[in-house]
Structures are given as C-alpha cells and as structure tokens.
There are 2 protein chains.
Amino acid sequence: MANKPSVGQFKAQAQVFKALAHPGRLLMLDELSRGERCVCELAALVGSEMPTVSRHLSQLRNAGIVDDEKRGAQVFYRLVTPCVMNFFQCVASVREKGRA
Amino acid sequence: MANKPSVGQFKAQAQVFKALAHPGRLLMLDELSRGERCVCELAALVGSEMPTVSRHLSQLRNAGIVDDEKRGAQVFYRLVTPCVMNFFQCVASVREKGRA
DNA sequence: TAGTAATTTAGCAAAGTGGCGAAGTCAGTC
DNA sequence: GACTGACTTCGCCACTTTGCTAAATTACTA
C-alpha cells in the first residue's frame with residue numbers, strides 16, 4: 001500500500017541518515033561492528049570528551065541503530081542493525097563514481 | 001588494505017549520509033529512481049520553491065548521488081548510484097527494531 | 001532586440017548541530 | 001555516610017543548514 005511513500009516516512013528515514021551523518025559516529029559504529037564497547041572506550045577511540053560521546057551515542061540509540069545495557073557503573077553499547085554497515089560499500093562506490 | 005578505515009574516510013562517507021539526511025531530498029531520490037526529472041517537476045513534487053530545490057539537488061550532485069544534464073532551458077537530474085535506494089530497506093528495519 | 005520561462009547564485013533570518021565544562025545521577029568502595 | 005568513577009543532562013557558544021526572496025544567467029520565441 002506504499003508505492004508512493006509518504007513525506008512522513010521520508011522524514012523518519014532522514015532521521016536515521018542524519019544519525020549516520022557524522023564522522024565520529026561512523027567511527028564508533030565501525031568499532032561496535034566488532035563487538036560491544038563501553039562509553040569510555042568509545043570516547044578514547046574518537047578522542048572526544050565523554051559528554052560529547054554520550055550524546056552521539058544517544059543519537060544513534062534514538063535512531064534505533066544501537067542499543068545500550070548498563071552493567072555496574074558502565075554502559076555498554078552494541079550494534080542493533082548490522083545492515084547499516086553494508087551502506088559503506090555503496091557509499092564508497094558513490095564517492096568513486098562521483099570523481100569519475 | 002583498509003581493515004581500519006581512517007578518520008578521513010569516515011569524514012567523506014559522512015558527507016554522503018549528510019546529503020541523504022533530509023526528507024525532501026529522499027523524496028526526490030525516490031522519484032528519480034523511476035527516471036530522470038527536471039528541476040521544476042521535482043519542485044512541484046516536494047512543494048518547495050525552485051531555488052530551494054535547486055540547492056538540494058546540487059548537494060546531491062556534490063555528494064555524487066545524482067548527475068545533471070542540461071537540455072534546452074531545462075536541467076534533468078538522474079540517479080547515478082541506484083544502490084543508495086537499497087538503504088531504505090535496512091533503514092526501515094532499523095526503525096522497526098527501534099520500536100520493538 | 002524584447003520578453004518569457006527554467007535554473008542557479010547571493011543574501012538574510014530562523015532553526016538545528018556539535019563541542020565543551022559544570023552539575024547531577026547511579027554503582028561500587030571505604 | 002562519604003568518596004570515587006562512569007555516565008548523562010544542562011547551559012552556553014560557534015558554526016552549519018534551510019528556506020525564502022531578489023537578482024543574475026541561459027535558452028527559446030516573437
């Protein structure tokens with residue numbers, strides 16, 4: 001019933017893409033594709049302060065891309081939808097064709 | 001040779017995602033997936049002014065997602081990398097899992 | 001050459017994004 | 001109960017994005 005997707009659908013999808021539209025968040029997702037990580041590990045990875053990283057992660061969580069689990073004093077994040085990692089191949093081809 | 005992608009790579013990829021992170025641009029891409037369209041057709045589709053649509057299209061072009069061709073007084077845009085349309089399925093699953 | 005239509009570019013105001021430090025919350029330790 | 005560490009939320013500022021109108025550009029027509 002959705003041959004012509006509605007504007008609302010695109011709005012929701014744009015939110016997901018928006019969550020992916022940041023180098024630091026992509027770096028974190030790449031790391032999470034190899035297993036769950038706590039916030040402090042990801043903060044060290046991207047080299048930003050923890051508040052900054054925490055907010056990036058909540059953006060990814062709100063988009064439904066990652067999930068979090070509190071264990072003790074630490075919070076571990078993991079990738080919920082690994083298929084987003086497939087995007088990278090297409091995006092790479094986008095960039096290659098772009099410069100052709 | 002790229003087991004550990006560099007920050008620069010993620011920066012470039014984020015640019016592509018950024019180009020996709022707008023409902024109107026997604027709507028236009030969906031339309032372009034069914035064939036080339038001129039700017040005025042796309043403007044009518046999204047219901048924005050032509051200058052606005054023109055800028056959105058140049059963003060998509062700069063990202064390497066679409067290509068343009070001038071024919072007479074009109075400029076026709078077409079999808080260069082149809083694989084970006086595959087994203088939508090994964091994004092849809094992201095949103096479904098997100099609300100589970 | 002004038003005139004009209006299709007696009008793009010430029011300039012402006014409003015809204016959103018990203019980063020940091022300060023402060024608040026929660027878990028484990030002394 | 002006080003203290004420390006991990007994390008989140010808040011407030012602030014700088015920067016970017018977005019949409020509009022006005023103006024410049026290009027193609028076609030009379």
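Small disclaimer: the values here were computed from a predicted structure and weren't measured. Residue numbers start from 1 in every chain, and the chains themselves are labelled A, B, ... in the order their sequence lines are given, proteins ahead of strands.
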Just the atom pairs and distances: protein N or O near nucleotides 22-29 of chain C's N or O, under 3.5 Å.
none

Rounded to whole angstrom units, what separation is found between the [atom1] atom of [X] and the [atom2] atom of [N]?
X       : N      : atom1 : atom2 : value
A:Glu36 : D:dC7  : CD    : C1'   : 16 Å
B:Phe76 : C:dA6  : CZ    : P     : 11 Å
A:Met50 : D:dT9  : CE    : C1'   : 14 Å
B:Met28 : D:dT18 : CE    : P     : 10 Å
A:Glu41 : D:dG5  : CD    : P     : 18 Å
A:Lys11 : C:dG16 : NZ    : C1'   : 14 Å
B:Leu20 : D:dT17 : CG    : C1'   : 16 Å
A:Phe17 : D:dT17 : CZ    : P     : 18 Å

Seminar exercise, completed: Exactly one of A:Arg37, A:Arg61, A:Glu31, A:Glu69 clears side-chain hydrogen bond (donor to acceptor under 3.5 Å, both in side chains) with A:Tyr77, and that residue is A:Arg61

Exercise. Does some side-chain heavy atom of B:Ile65 sit less than 4.5 Å from a side-chain heavy atom of B:Val80?
Worked result: no

Problem set entry | Min side-chain heavy-atom separation B:Thr81-B:Val66 under 4.5 Å |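 Side chain of B:Thr81 against side chain of B:Val66, heavy atoms only: no contact under 4.5 Å found.
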
Could you list, one pair per line, each protein nitrogen or oxygen that sits under 3.5 Å from a nitrogen or oxygen of nucleotides 17-19 of chain C, together with the distance?
from, atom 1, to, atom 2, distance (Å)
C:dG18, OP1, A:Arg25, NH2, 3.3
C:dG18, OP2, A:Gln59, NE2, 3.3
C:dG19, OP1, A:His22, NE2, 3.2
C:dG19, OP2, A:His56, NE2, 2.3
C:dG19, N7, A:Arg55, NH2, 2.3
C:dG19, O6, A:Arg55, NH2, 3.2

For this session: Tell me whether the OP1 or OP2 atom of D:dT8 has a side-chain N or O from A:Tyr77 closer than 4.0 Å.
Result: yes

Problem set entry | Point-to-point distance, once rounded to the nearest 0.5 Å, from CG of A:Leu20 to CZ of B:Phe87 |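 One gets 9.0 Å once the value is rounded to the nearest 0.5 Å.
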
Exercise. Angle class for the B:Phe17/A:Phe17 ring planes (parallel below 30°, perpendicular above 60°, tilted otherwise)?
Worked result: parallel

Is the side chain of [X] donor-acceptor paired with the backbone N or O of [Y] at a distance under 3.5 Å, no angle test?
X       : Y       : result
A:Ser54 : A:Pro51 : no
A:Gln89 : A:Asn86 : no
B:Asn62 : B:Ser58 : yes

Problem set entry | Partner residues of A:Glu36 under the salt bridge (charged side-chain N to carboxylate O under 4.0 Å, His left out) criterion, sequence neighbours left out | A:Arg71, A:Arg78

